There are 2 protein chains.
Amino acid sequence: MTVLRRSTHRAPSRQLEAAGSITRARILAAATEVFVRRGIEAGTIREITKAAGVNVAAVNYHFGSREALLRATLAEVAGPMNAARLQALDQEARAHAPHAPPLPAIVDALVRPLIETPRWQDGTRPLIRLIQQLRALPHQMANQLMAEQFDAVAHRFIAALHAALPHLSRAEIVWRYEFARGAVVHVLVDCDPESGRLAALSGGACRTGDQDELLCQATRFVAAGFSAPGR
Amino acid sequence: MTVLRRSTHRAPSRQLEAAGSITRARILAAATEVFVRRGIEAGTIREITKAAGVNVAAVNYHFGSREALLRATLAEVAGPMNAARLQALDQEARAHAPHAPPLPAIVDALVRPLIETPRWQDGTRPLIRLIQQLRALPHQMANQLMAEQFDAVAHRFIAALHAALPHLSRAEIVWRYEFARGAVVHVLVDCDPESGRLAALSGGACRTGDQDELLCQATRFVAAGFSAPGR
DNA sequence: GTCTATAACACGATAGAC
DNA sequence: GTCTATCGTGTTATAGAC
């Protein structure tokens with residue numbers, strides 16, 4: 001709840017975002033844990049500060065509000081993954097210059113960093129859980145947070161895909177880009193120990209903990225989808 | 001929030017689930033509206049009863065608890081869609097007997113009812129929004145609600161797909177079944193007016209309100225993914 | 001069956017001492 | 001920078017009148 005609650009927060013009067021504080025770092029780590037395990041809406045400032053071993057008032061002192069803390073949490077988790085994607089795409093572009101990178105290289109640059117995003121000991125990928133939750137929340141704020149983190153990368157990849165598949169219209173590229181993202185994120189959620197859906201449906205036949213298997217299955221499905229005939 | 005809140009509900013002592021009540025029906029309709037627009041966690045009993053024009057206490061009288069109301073809401077929205085899927089699959093099975101239905105027929109039976117699920121005037125598909133939210137909630141209850149509604153259908157379709165694609169292992173069928181579901185649900189969320197992400201990414205080039213276009217794009221991507229070479 | 005009123009509790013944010 | 005205490009507001013669920 002209460003992401004939506006009419007905030008009574010007026011104007012953050014102290015120095016916010018001073019990234020040096022040890023307390024700040026502890027809050028950020030605890031917030032990731034709580035938002036993932038308990039849910040973005042259900043996780044409370046009180047839980048977070050308790051898990052971080054700091055005072056209840058510290059969140060508002062260091063971040064200004066619960067929403068600003070959520071934004072910082074997402075940036076910390078999604079930033080490195082998107083940077084890895086862009087770096088991989090750039091590398092492929094250099095390797096194939098002056099030609100455009102071929103489809104399999106682009107798909108790998110898009111999918112691999114998502115699958116190889118850090119996992120906790122139990123196999124949970126915190127980034128995946130945050131993405132899934134933010135996409136489901138019917139708040140404009142959630143859409144905005146996602147756009148802040150992912151739009152730049154999306155446009156880069158759509159351009160690269162358009163160059164690799166020039167026979168498809170831009171609209172068809174975008175359709176398939178989102179089909180591809182959905183397929184991979186959905187299955188990563190299913191692979192999460194919290195869900196276990198893929199293991200349940202397959203009677204344990206899908207090795208959901210095997211990253212190589214997952215990457216192999218995902219790239220094959222996605223590349224085939226992109227390679228479907230156009231209109 | 002408070003789906004998780006430790007409930008103090010003891011034992012529903014009056015007749016629950018007596019489906020005849022007019023009040024009950026009004027609550028159910030209002031609950032769908034509120035859970036979709038405001039979110040499953042954020043939507044409160046007070047909002048629902050206010051929208052339904054009934055008393056606050058009526059939810060606990062007719063359903064027993066907030067969670068039971070959510071279960072009834074999902075069943076009402078997801079039930080007809082899954083029935084349509086099974087009916088379509090049965091029809092294809094009869095049409096192709098004694099052979100197994102071919103891949104395109106199965107994909108159509110799987111995807112079309114999801115896309116043609118009822119929409120509100122603004123284009124929102126309530127079922128899609130409920131699915132997306134339930135998949136994101138980190139509660140065991142949410143997983144259970146999804147399994148109750150979708151597991152039977154999943155097993156039917158996986159069996160049909162296995163018959164149509166006998167060169168693939170059962171594990172590979174399940175991987176691709178979930179890739180397919182994820183691709184379609186993800187894009188349907190993007191087509192929702194609340195999100196608008198597909199329209200934004202494509203600069204308006206994707207006609208997200210055109211059901212025929214959506215079905216065409218989805219079945220092409222999904223069928224190609226299933227047709228990818230096996231291991 | 002439907003209402004009002006309330007119990008019992010949780011929340012985010014902040015004032016103000018240290 | 002960190003604490004305690006508190007304000008104002010929200011929640012589910014239920015007791016008891018009608």
Side-chain angles (χ1 to χ4, degrees), chain A residues 1-28 30-31 34-35 38-73 139 141, chain B residues 1-28 30-31 34-35 38-73 139 141:
Chain A
M1 63 165 290
T2 340
V3 171
L4 258 198
R5 186 121 83 197
R6 274 63 66 212
S7 172
T8 59
H9 186 70
R10 294 278 178 275
S13 53
R14 307 181 192 77
Q15 96 282 15
L16 305 175
E17 310 292 324
S21 167
I22 170 87
T23 299
R24 203 190 119 97
R26 292 173 61 85
I27 291 174
L28 216 42
V34 169
F35 284 145
R38 286 258 304 138
I40 287 177
E41 295 203 291
T44 68
I45 289 186
R46 295 178 133 86
E47 273 180 288
I48 292 168
T49 51
K50 188 173 180 181
V54 304
N55 189 267
V56 207
V59 163
N60 274 283
Y61 179 80
H62 284 281
F63 295 88
S65 72
R66 188 182 181 283
E67 175 178 330
L69 171 59
L70 174 60
R71 171 173 281 110
T73 302
H139 308 162
M141 185 263 294
Chain B
M1 66 166 286
T2 342
V3 170
L4 258 197
R5 189 120 82 194
R6 274 64 66 213
S7 173
T8 59
H9 186 69
R10 294 280 178 275
S13 53
R14 306 178 193 82
Q15 95 283 16
L16 305 173
E17 310 293 324
S21 166
I22 171 86
T23 298
R24 202 191 120 98
R26 292 173 61 86
I27 291 173
L28 215 43
V34 169
F35 284 144
R38 287 257 303 139
I40 287 176
E41 295 203 292
T44 68
I45 290 186
R46 296 178 126 83
E47 274 180 288
I48 292 167
T49 50
K50 188 173 179 181
V54 304
N55 189 266
V56 206
V59 162
N60 274 283
Y61 179 80
H62 284 282
F63 295 88
S65 72
R66 187 181 182 282
E67 176 179 331
L69 172 58
L70 175 60
R71 171 173 281 109
T73 302
H139 308 162
M141 185 262 295

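These numbers were taken from a predicted model, which means no experiment stands behind them. Quick note: numbers below take in every heavy atom, side chains included, and nothing from hydrogens, waters or symmetry partners. Reminder, nothing fancy here: chain letters follow the sequence lines and each chain counts from 1.
Inter-residue side-chain proximity for B:Ile45 and B:Leu69 is flagged as unmet; no heavy-atom pair is nearer than 4.5 Å. At least one side-chain heavy atom of A:His139 sits less than 4.5 Å from a side-chain heavy atom of A:Glu41.
Closest approach of B:Thr73 to B:Ala31, counting heavy atoms only: OG1-CB, 3.7 Å.
Straight-line distance from the CD atom of B:Glu41 to the C1' atom of D:dG10: 15 Å, rounded to whole Å. If you take NZ of A:Lys50 and P of C:dG12, they are 14 Å apart, rounded to a whole angstrom. Rounded to whole Å, the distance from CZ on B:Phe63 to P on D:dA13 is 13 Å. As a whole-Å value, the separation of A:Arg46 CZ from C:dT14 C1' is 12 Å. Rounded to an integer number of Å, the gap from B:His62 NE2 to D:dT14 C1' is 16 Å. Look at CZ on B:Arg66: it is 15 Å from P on D:dT14, rounded to the nearest Å. With rounding to whole Å, B:Ile45 atom CD1 is found 20 Å from C:dT6 atom P. Spacing between atom CG of B:Asn60 and atom P of D:dA15 amounts to 11 Å, rounded to whole angstrom units.
In this structure, B:Ala57 reaches the bases: a heavy-atom distance under 4.0 Å links it to at least one base atom across the strands shown.
The side chain of B:Ser65 approaches D:dA13 more closely than any other nucleotide in the set D:dA13, C:dT2, D:dG1.
Taking the nucleotide of DNA chain D with the nearest heavy atom to each of B:Asn55 and A:Gly53, the more 5' of the two is matched to A:Gly53. The residue among A:Glu47 and B:Thr23 whose nearest nucleotide of DNA chain C lies closer to the 5′ end is B:Thr23.
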